[in-house]
Structures are given as C-alpha cells and as structure tokens.
Engineer: 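Can you read through this structure? Questions will come right after.
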Number of protein chains: 2
Amino acid sequence: MTDLLWEGERRSGRGPKPALSLDRIVQAAIAIADAEGLGALSMQRVATDLGAGTMSLYRYVPGKEELINLMVDRVVGDPPTLDSESWRTDLRTWAHASHDVFRRHPWSLSAVTGKRSLGPNETAWAESALAALSGTGLSPAERLKVVNVVNGQVRGAAQISPGHGPVLNIEALSRPEVAQRFPSLMAVLSSDEEFDMADVFEFGLQRILDGIDALLQTRS
Amino acid sequence: MTDLLWEGERRSGRGPKPALSLDRIVQAAIAIADAEGLGALSMQRVATDLGAGTMSLYRYVPGKEELINLMVDRVVGDPPTLDSESWRTDLRTWAHASHDVFRRHPWSLSAVTGKRSLGPNETAWAESALAALSGTGLSPAERLKVVNVVNGQVRGAAQISPGHGPVLNIEALSRPEVAQRFPSLMAVLSSDEEFDMADVFEFGLQRILDGIDALLQTRS
DNA sequence: AAGTTATTGCGTATGGCATACCCTTTGGCG
DNA sequence: CGCCAAAGGGTATGCCATACGCAATAACTT
C-alpha cells in the first residue's frame, strides 16, 4: 500500500544484498535534474549514472512519478525554524527559505505543479507556516488562505526567474508597429531603473505582509 | 522569421491546397488537452483527430513545443477591458479573468511553467495590467512588480484547485503518531469552517490589493 | 548441512513518443 | 502545358516507461 514518501524503504532480510538504495537513487536523480533539468531525467539515465541496469530501479521505486515526488520532498527538506515571536518576521523567513529551494532546484517548480501527493517534508512546511500564524487571531481557514497567498508569491517569483521563465519576444517588440500596441510595457522596458530579480520577490512579499497586517489591524 | 506566435501562418499559393490549417490544429490540440490533459496530447493523437497523417502536422507547426505555445496564447485570448477608473477594480477584474482561464484549461498551468516565449495575447495581458496602474504614481519597475504579485496569486490559487493540485496524504495523517507532528494543520482540517476554493483566491487577492493600497497611501 | 523461498539484478520485449528523411502528388505560375 | 514549390504522409530512428520472466543470492527452516 501507500507511500514510499511516508513509509520509507522497507525490505526484509531475505535475498541478495541490495546493491542500491532508495536514497542513492533519489540523490542521483536530483543530481541529474539539477544539472540538466527534468527533461534529461529518465530511468535509464539514473540507472546508468548508478552503474545499474534500468530495471533494477523498479525494485526500489514503483515508477517515475513516485520518484519525482520523492525528489521533491527530499529537496524541500526541513522547514526553517520560526521563533521570532512575530508572525511577520516568521512568514518572511519561511517565504525566503521556500524561495531558496526553488532557486537552487529550478526543476522543482515544474515538479510541483499538477496533481500529486504531498510528502512529509512538504507537509511540515505547511505546518510551520500555519503555526507561525497561531497568535494572530485568524480563523483556521483564514490561516490557510494566508499561507496560500504567501506561497503563491514564492512560486510566482520563482516562475519568472531569469532563464527559467517566460521571455518577451524582443524581436517582435522592436518593430514599431508592434511596440505601439504595448505602450505601458515599452515604458517599463525602456525605463532606466535597474531591475533586480531578488527585489521582485521581496517587494511583492512586503505588499502581501502589509495586506495581512491591515486585516489584523481592522480586528484589534 | 521565427515565430509562428507573432507572424501567424504564412503560405504562398504554390502547391496543393492545404488540407489543414494552423488554426484547426491548435484547436484540435486544445480540445484534447481540455478533455484529457496535457499528458494525452501527442502529435499522433492530434493528427488522428483531424483525420490526417502525423507528419502532416509538421507542415504547419515546427514541433510540439511550439504547438503548446500556440495553444497557450490561443487559450489566453484577449485581456479584459479595464475601464473602471480605479486601479483596484481593474486589477481585480484582470486577476479574475486570468484565473478563469486557468480554471477552464487546467493544463495551461503546466504549459506556462518553465522557459518559453510569450505570445502576443499574453503580452497584451501584461500590457493591460500595467496600463491599469498608470495613474498610481508607481515607478515603471514597481508597476511590473505589482503585476507580478497579482499574477502569482492567480497561479498560486489555480495550482491548488481541487483535482489539479497537491493533496495531503489523509491516510498517513490519520495515524495519531503522525498527526501529532502537525497540530496546526490538524486544527485547520478539523475546523468546521466551510472551505470555499473560490474564496481562497478572492481572500488572497484582497490582501494583496490592500497591501498595494497601503503603499500608495504612504506616498500620497 | 541441505533445502526452501523471498528477493535482487537485469535482459528482453512491448508499445508509445517526437521527429528526420524522402517520395509521391498537386496545382499555380511562367 | 510543363515546371517546381509546397503539401500529404509512409517509413525509419532513437528515446522512453515499464511488464515479464529468469537466474543468482542468501536468510530462514528443518
């Protein structure tokens, strides 16, 4: 039944000594995805990197989908410790820590979109963000919604990070008859203002925290 | 040259009458993705549905990746008209319209994550959101950052929509020794409060708009 | 000590996939 | 009326996930 994610590897002593381990497989898979992206991840590739036959992997992992879930939960790791006594500081720490994960492992963003099962580490992250809001007087459902806004910002910022997100078609935009249809956009592009990606994230995060704060103010 | 997205179909009169068209192909592909998800989308499948040979598609589209870009830009369509005189109302309208697209075509969320090229429609959406902020006194870079926060919320909410996002492992969470590690989460799950998904989106959106408003207040 | 059996590694086979190549057919233009 | 650009699409290649089965292994049983 159930879940390698939650149960971990369980093998009873009978039979030959296993040459691999779930851990080694997951780690090798992560190394591939880190270096060459999810597109380069195949069972054959993982097996080759481990010096094993492709089908041997299936003695440890039921399939690729489950492997990716394991990779995500591994890469996500433990949530940061939040002990600042201030929900705002805690939530900010949480958001930055989560953002860091996506920056270090850009493939995880794609791995995390779509239907899938949450692992223990990811569940622990949810727990820690919710716990940070326990002193705020927000209702349980509100706390969840707050966590979701913050989480949206984390992923939103990760999604547009340079080299891993959408790019404007500069060639088309450089033709005047095209450019003229997007005046506000051109204004942004031609503004001299320096554009720091890290700041995109922090700016949005602060707006969100301000918005949450405003809600709390109306209640106190 | 380059981009079908921006140039559209161009074929010169010579040769046999084309049996298909870029439009019909994109539409058929969207129908498949809508009905069965991106996973069911293959060139062979699209061709079969159109009663054509697989390779014929390549007379119209350079490859699958470009096809998906075309699907996205088609599905995204024109941005809503924003004429309320209030940036807040406009941004809310924009956000809901965008959210609707993802609700109607859940596959588009995955299609939109990762490196890719923006089409004219998507660019027009960016333009329209930026234009809505023109009267606010925000700097060009700030306007872009604001749009990004809102966009993050749209996608964040779409990402957790039921049936298309992460699901908690209820089985694991129902074991006491596991549940006890996630007290705040359990509090949310066991709260009787009704939980409306549409409200997750609207709640977060309002917090964000409040936060933007707060910034504007400090400047006026 | 010998047999039993669960378990492992993994070769092979299957069926799907994107797409390169190339041949045949078509029909507007010269 | 013939030329040739462009369309249809069959075939081939090489990758992929994964089902199945077999031989080797080693703990447990007797």
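Everything quoted here is computed from the prediction, not taken from an experiment. Letters A, B, ... are given to chains in the order of the sequence lines, protein chains preceding strands, and every chain is numbered from 1. As a basis for the values below, the full set of heavy atoms in this structure was taken, side chains included, without hydrogen atoms, waters or symmetry mates.
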Engineer: Side chain of Lys17(A): nearest nucleotide among dA20(C), dA27(D), dG11(C)?
Structural biologist: dA27(D)
Engineer: Select one nucleotide: of dT8(C), dG9(D), dA17(D), the one nearest the side-chain heavy atoms of Ser56(B).
Structural biologist: dG9(D)
Engineer: Can you check the Leu41(B) CG to dC17(C) C1' distance for me, whole Å?
Structural biologist: 12 Å
Engineer: Once rounded to the nearest 0.5 Å, what's the spacing between atom CE of Met197(B) and atom NZ of Lys145(A)?
Structural biologist: 10.0 Å
Engineer: Using whole Å, what does the distance between atom C1' of nucleotide dA5(D) and atom CZ of Arg59(B) come to?
Structural biologist: 10 Å
Engineer: So which nucleotide from dT4(C), dT11(D), dG27(C) ends up closest to the side chain of Arg14(A)?
Structural biologist: dT4(C)
Engineer: Looking across every strand, which nucleic acid part, if any, lies under 4.0 Å from Met43(B) by heavy atom: base, sugar-phosphate, or nothing?
Structural biologist: sugar-phosphate
Engineer: Just how far, in rounded Å, is P of dA17(D) from CG of Leu67(A)?
Structural biologist: 10 Å
Engineer: Between dT25(C), dA17(D), dG9(C), which one does the side chain of Pro16(B) approach most closely?
Structural biologist: dT25(C)
Engineer: Counting only heavy atoms not in Glu65(B) (residues, nucleotides, ligands), do more than 12 fall under 6.0 Å from its CD?
Structural biologist: no
Engineer: Is Ala47(B) touching bases, backbone alone, or none of the nucleic acid, heavy atoms closer than 4.0 Å?
Structural biologist: nothing
Engineer: Consider the side chain of Pro18(A), meaning its heavy atoms from C-beta on, and name the nucleotide among dG9(C), dC10(C), dA17(D) that approaches it most closely.
Structural biologist: dG9(C)
Engineer: Counting only side-chain heavy atoms from C-beta out, which of dG8(D), dT11(D), dC20(D) sits nearest to Ala19(B)?
Structural biologist: dG8(D)
Engineer: Let me know the distance between OH of Tyr58(B) and C1' of dA20(C), rounded to the nearest Å.
Structural biologist: 10 Å
Engineer: Verify the contact: side-chain N or O of Gln44(B) to OP1 or OP2 of dG16(C), cut-off strictly under 4.0 Å; return yes or no.
Structural biologist: no
Engineer: I'd like to know if Glu127(A) pairs up with Arg143(A) as an ion pair, taking the criterion as any Lys NZ or Arg NE/NH1/NH2 lying under 4.0 Å from an Asp or Glu carboxylate oxygen.
Structural biologist: no
Engineer: Of the candidate nucleotides dC16(D), dC22(D), dA7(D), which contains the atom at the shortest distance from the side chain of Tyr60(B)?
Structural biologist: dA7(D)
Engineer: Taking atom types as modelled, find out whether His99(B) and Gln153(B) have a side-chain donor-acceptor pair closer than 3.5 angstrom.
Structural biologist: no
Engineer: For the pair made of CZ in Arg11(B) and P in dG27(C), what is the distance, rounded to whole Å?
Structural biologist: 15 Å
Engineer: Send over the distance from Lys64(B) NZ to dC15(D) P, rounded to a whole Å.
Structural biologist: 18 Å
Engineer: Answer yes or no for Arg207(B) and Phe203(B): cation-pi contact, defined as NZ/CZ to six-membered ring centre under 6.0 Å and angle to ring axis within 45°.
Structural biologist: yes
Engineer: Contact class for Ser12(B) (heavy atom, under 4.0 Å): base, sugar-phosphate, or nothing?
Structural biologist: sugar-phosphate
Engineer: To the nearest angstrom, how far is Glu65(B) atom CD from dT19(C) atom P?
Structural biologist: 9 Å
Engineer: Round to a whole Å and report the spacing from CE of Met55(A) to P of dC16(D).
Structural biologist: 15 Å
Engineer: Closest to the Thr54(A) side chain: dT18(D), dT19(C), dA17(D)?
Structural biologist: dT18(D)
Engineer: Going by side chain to side chain contact (heavy atoms under 4.5 Å, CB included), Leu57(A) matches just one of Leu22(A), Ile25(A), Leu67(A). Which one?
Structural biologist: Ile25(A)
Engineer: Is Gly15(A) touching bases, backbone alone, or none of the nucleic acid, heavy atoms closer than 4.0 Å?
Structural biologist: base
